[in-house]
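Just follow the structure's listing: the first ligand is 1, and inside any ligand the first atom is 1. Numbering of residues begins at 1 and proceeds along the displayed sequence.
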Amino acid sequence: MSTFTLDRTVAELVLEKPSRSRFFETMGIDYCCGGKKTLQEVCERKQLDPANLLKLLEADDLIVLDEATERISEMSLGELVVNIIERHHEYLRQELPRLQAMLSKVVRVHGESEPRLHQMLSIFQAFAVELGTHMMKEENILFPVISQMEAVRRIPQSCFGTIANPIRQMEFEHDGAGDALARLRDLSDGFRPPEWACNTYRAVLDGLHDIEQNMHVHVHKENNVLFPKALELEEELLAVAP
Ligand SMILES: [Fe+2]
Ligand SMILES: [Fe+2]
């Protein structure tokens with residue numbers, strides 16, 4: 001008897017066992033922005049055999065991972081906020097400028113033989129700027145309200161009314177970042193360097209691939225864990241408010 005059923009959503013399965021994100025990653029199944037889809041819907045969309053997908057998922061679950069998996073669903077909202085900043089925002093603040101400099105260099109040297117590199121650079125530049133602003137909004141506006149709401153069990157005064165408003169905006173921006181990464185993936189044939197690529201070219205594609213994976217985990221933590229829990233808490237506090 002299978003432990004998996006087709007009516008379960010991808011996000012639910014990753015929440016239950018975060019290491020499953022790797023399985024979905026390898027299968028090219030979106031578990032962050034598209035995490036609300038059920039396995040049935042994923043199979044229909046990607047034309048996968050449902051019985052086979054369940055079998056593969058079960059086999060993957062038997063693999064023992066060396067790395068400790070993060071128990072994000074057991075973290076408090078405050079802990080989750082710290083975890084997101086340390087594991088994802090700080091990583092992006094280091095990687096975005098480093099990759100932008102490397103990609104500019106690759107465009108200068110190889111842009112003529114591979115014109116798609118020019119498009120990649122302009123997509124990446126916009127992605128980096130938007131993500132920088134996005135993270136600032138999360139760290140300076142939304143996250144402090146969420147942490148404070150949990151710590152004092154009261155809804156703090158804020159300029160945006162219910163937190164559903166900034167959350168909707170953050171999710172919209174996550175979709176934009178996801179689209180940019182998907183375009184970068186397409187323009188680089190799945191982050192695969194051409195045979196003649198130099199080491200910098202290879203390192204850039206490798207770095208972009210890492211950013212894609214890190215962003216999937218990042219957005220999963222926000223869209224599927226932090227935001228729903230914060231909305232639930234806000235609702236709970238509103239219900240008991242005098
Ligand atoms: Fe974030
Ligand atoms: Fe975000």
Practice problem: Quick one: pull up CD in Glu232 and CD in Glu236 and give me the separation to the nearest 0.5 Å. | Solution: 7.5 Å

Self-check item: Any donor-acceptor N or O pair under 3.5 Å, side chains Glu173, Gln169
Solution: yes

Quiz item: Do Val225 and Met149 share a hydrophobic cluster, counting only Ile, Leu, Val, Met, Phe, Trp and Tyr and linking them when any side-chain heavy atoms are less than 4.5 Å apart?
Solution: yes

Self-check item: 4.5 Å side-chain heavy-atom contact, Ile29 and Leu53
Solution: yes

Practice problem: Using a cut-off of 2.8 Å, find all protein N, O or S atoms closer to the Fe ion (ligand 2) than that distance. | Solution: His134 NE2, Glu138 OE2, His174 NE2, Glu222 OE1

Exercise. May I ask you to check whether Glu138 and His89 show a side-chain donor-acceptor distance below 3.5 Å?
Key: yes

Quiz item: Looking only at side chains, do His218 and Glu222 share a donor and an acceptor under 3.5 Å apart?
Solution: yes

